[in-house]
Amino acid sequence: MSGLNLPLTAMDRVLPMHVIVDAAGRVIAAGPTARKLLPQDDADLGKLLSVQRPVKDMDLPQALAKVAKSGDRLVLRSFAEPVLTLRAQVAPLPAGQYLVNLGFGIHLGDAVAQLGLTANDFAATDLAMELLFLFEANRGVMHELSVFNRRLEAARDHAEAQAHTDVLTGLQNRRGLQLALDAAIASTRGATDPRADGGFAIVQLDLDRFKQINDHLGHAAGDEMLRHVAKVLRREIRSEDCAARIGGDEFVLLLRGFVDQPALERLGRRIISVIEQPVTIEDHVCRVSASVGVVTSRCYAQPDANQMLGDADAALYRSKHAGRGRVSFHDQP
């Protein structure tokens, strides 16, 4: 090559990504790896690659002259597939030619994948393959960390759900109910008048004649009846409502935005009616009933969870004393 003592074969080995262009940007020669980007010699480099730096869409010959003089980096982007971003260092050669040494930079992984490059496509001193290995190793580690974090999150969510769940029935436990109650009460604090806006209802339910099943058939049969009642409650309430077993044969429903007394009484009577239907357990026909006490947040200027649960419990025991299998409200005499 005129003006250089280094033969092109040596350039190919030392700078496999080099391109030699004339002042108009036409390719005179290219290294073996660069040829994988260029369809042929004598191609117009400006029609293959667009200038991104020093000025986006700058005319390529002008960009070559500018960066050859300043020593700045040239950034190019391929027009055709595969679309790759390249960085380049430009050095002036005799007769108005330029030596353009290309590199893939942070897009090395894309180039290797899209062009099928191997270690033989890079100079022996080039750390491209080592960097690609580190990049892939890092990506692998990040993937494993992501999988681990998702599993950890799922395990945490599961553990939290288990902490709020009654093991026997799958309903919320007392802790889960308390959290739901706290959220329901918090939603009323912004209301102008909690007794008039929105609100919620607490329905407390206790089984009647449940002790007879435990005494005559054993606790396994009693557990089966409790699971049956839990299914009834889940079926009768909405998905956004909360059903909880707070101990023994005691259940509580938290109904958001449901404070209409006639509607609540109909719901309570319907639940009692379904619970009173006979259930076969271990070849025995079992019958229980339920007493229900109801309180709504509209009864209070400032709803309080403990007070509301106590008032619902008092209403429930009025139902028991009045003959069981019925619904009583806190604000009824």
Side-chain angles (χ1 to χ4, degrees), residues 161-181 200-238 241-255 258 261 263-296 305-333:
Q162 288 294 99
H164 302 159
T165 302
D166 175 57
V167 176
L168 177 64
T169 63
L171 301 181
Q172 296 289 291
N173 58 19
R174 188 178 291 274
R175 183 181 178 190
L177 174 65
Q178 187 63 54
L179 290 174
L181 263 173
F200 61 93
I202 293 177
V203 178
Q204 191 150 331
L205 179 147
D206 186 87
L207 299 183
D208 302 322
R209 300 193 299 274
F210 174 74
K211 187 174 182 297
Q212 297 174 15
I213 295 177
N214 273 338
D215 290 345
H216 296 146
L217 299 179
H219 288 287
D223 289 348
E224 186 61 32
M225 178 59 76
L226 292 174
R227 284 191 286 267
H228 167 70
V229 171
K231 292 178 183 177
V232 171
L233 296 179
R234 276 195 294 264
R235 190 167 59 240
E236 294 297 331
I237 64 176
R238 304 163 300 179
D241 295 327
C242 171
R245 175 176 174 246
I246 59 174
D249 58 343
E250 298 177 77
F251 299 85
V252 173
L253 305 179
L254 174 62
L255 311 175
F258 193 175
Q261 188 162 308
L264 286 166
E265 183 160 4
R266 288 193 297 271
L267 173 65
R269 291 186 181 279
R270 186 167 67 248
I271 289 173
I272 292 171
S273 176
V274 177
I275 289 175
E276 287 179 341
Q277 295 176 11
V279 179
T280 301
I281 301 175
E282 298 179 357
D283 297 327
H284 292 83
V285 177
C286 303
R287 297 176 184 272
V288 294
S289 184
S291 297
V292 174
V294 183
V295 64
T296 71
N306 290 332
Q307 183 180 2
M308 291 185 69
L309 287 170
D311 290 340
D313 188 60
L316 182 152
Y317 276 92
R318 281 208 306 276
S319 292
K320 283 189 174 293
H321 295 153
R324 304 183 179 183
R326 62 188 64 207
V327 180
S328 297
F329 286 81
H330 161 64
D331 57 351
Q332 289 178 334

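Computed from a prediction, not measured in an experiment: that's the story for all the values here.
A 4.5 Å side-chain heavy-atom check between Arg235 and Val274 finds at least one atom pair inside the cut-off. With a 4.5 Å cut-off on side-chain heavy atoms, Val203 and Ile271 do not count as touching. Using a 4.5 Å heavy-atom threshold, the side chains of Leu205 and Leu207 count as touching.
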* After noting the C-alpha distance and the side-chain angles of Ile202 and Val294, does the key distance pass the side chain to side chain contact (heavy atoms under 4.5 Å, CB included) rule? -> CA-CA 6 Å; Ile202 293 177; Val294 183; over 6 Å; no

* Can you check side chain to side chain contact (heavy atoms under 4.5 Å, CB included) on Leu233 and Leu253, steps first, answer last? -> CA-CA 8 Å; Leu233 296 179; Leu253 305 179; 4.3 Å; yes

* Any chance you could lay out the side chain to side chain contact (heavy atoms under 4.5 Å, CB included) test for Leu255 and Arg238, step after step, and finish with the verdict? => CA-CA 8 Å; Leu255 311 175; Arg238 304 163 300 179; 4.2 Å; yes

* Apply side chain to side chain contact (heavy atoms under 4.5 Å, CB included) to the pair Phe210 and Val229, showing each step before the final yes or no. => CA-CA 11 Å; Phe210 174 74; Val229 171; over 6 Å; no

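Here the straight-line distance linking atom CZ of Arg269 with atom CD of Glu276 works out to 10.5 Å at 0.5 Å rounding. Taken from CG in Leu181 to CE in Met308, the straight-line distance is 7.0 Å, to the nearest 0.5 Å. To the nearest 0.5 angstrom, Arg209 atom CZ is 11.5 Å from Cys286 atom SG. Taking OG1 of Thr165 as the start and CG of Leu171 as the end, the distance is 9.0 Å to the nearest 0.5 Å. Rounded to the nearest 0.5 angstrom, Arg175 CZ and His164 NE2 are separated by 4.0 Å. Atoms CD and CG, on Glu250 and Leu316 in that order, are 8.0 Å from each other to the nearest 0.5 Å.
The minimum heavy-atom distance linking Met225 with Ile213 is given by the pair CE-CD1, 3.7 Å. Of all the heavy atoms in Ser291 and Arg324, the pair that sits closest is OG-CA, 3.4 Å. Considering every non-hydrogen atom in both Gly325 and Ile272, the closest pair reads C-CD1, 3.8 Å. The nearest pair of heavy atoms linking Asn214 to Gly222 is OD1-CA, 3.4 Å. Closest approach of Ala263 to Phe258, counting heavy atoms only: CB-CE2, 3.4 Å. The two residues Gln204 and Leu309 make their nearest non-hydrogen contact at OE1-O, 3.6 Å.
A donor-acceptor pair under 3.5 Å is formed between the side chain of Ser319 and the backbone N or O of Val292. In terms of modelled atom types and a separation under 3.5 Å, the side chain of His228 and the main chain of Glu224 share no donor-acceptor contact.
The number of heavy atoms from other shown groups lying within 6.0 Å of CZ (Arg174) does not exceed 12. Atom CZ of Arg234 sits in a crowded spot, with more than 12 heavy atoms from other residues, nucleotides or ligands closer than 6.0 Å.
With Val288 as reference, Ile275 is the one residue of Ile275, Asp208, Leu226, Asp249 to meet the side chain to side chain contact (heavy atoms under 4.5 Å, CB included) rule. Here the rule is salt bridge (charged side-chain N to carboxylate O under 4.0 Å, His left out) with Asp206, and of Lys211, Lys320, Arg318 only Lys320 fits it.
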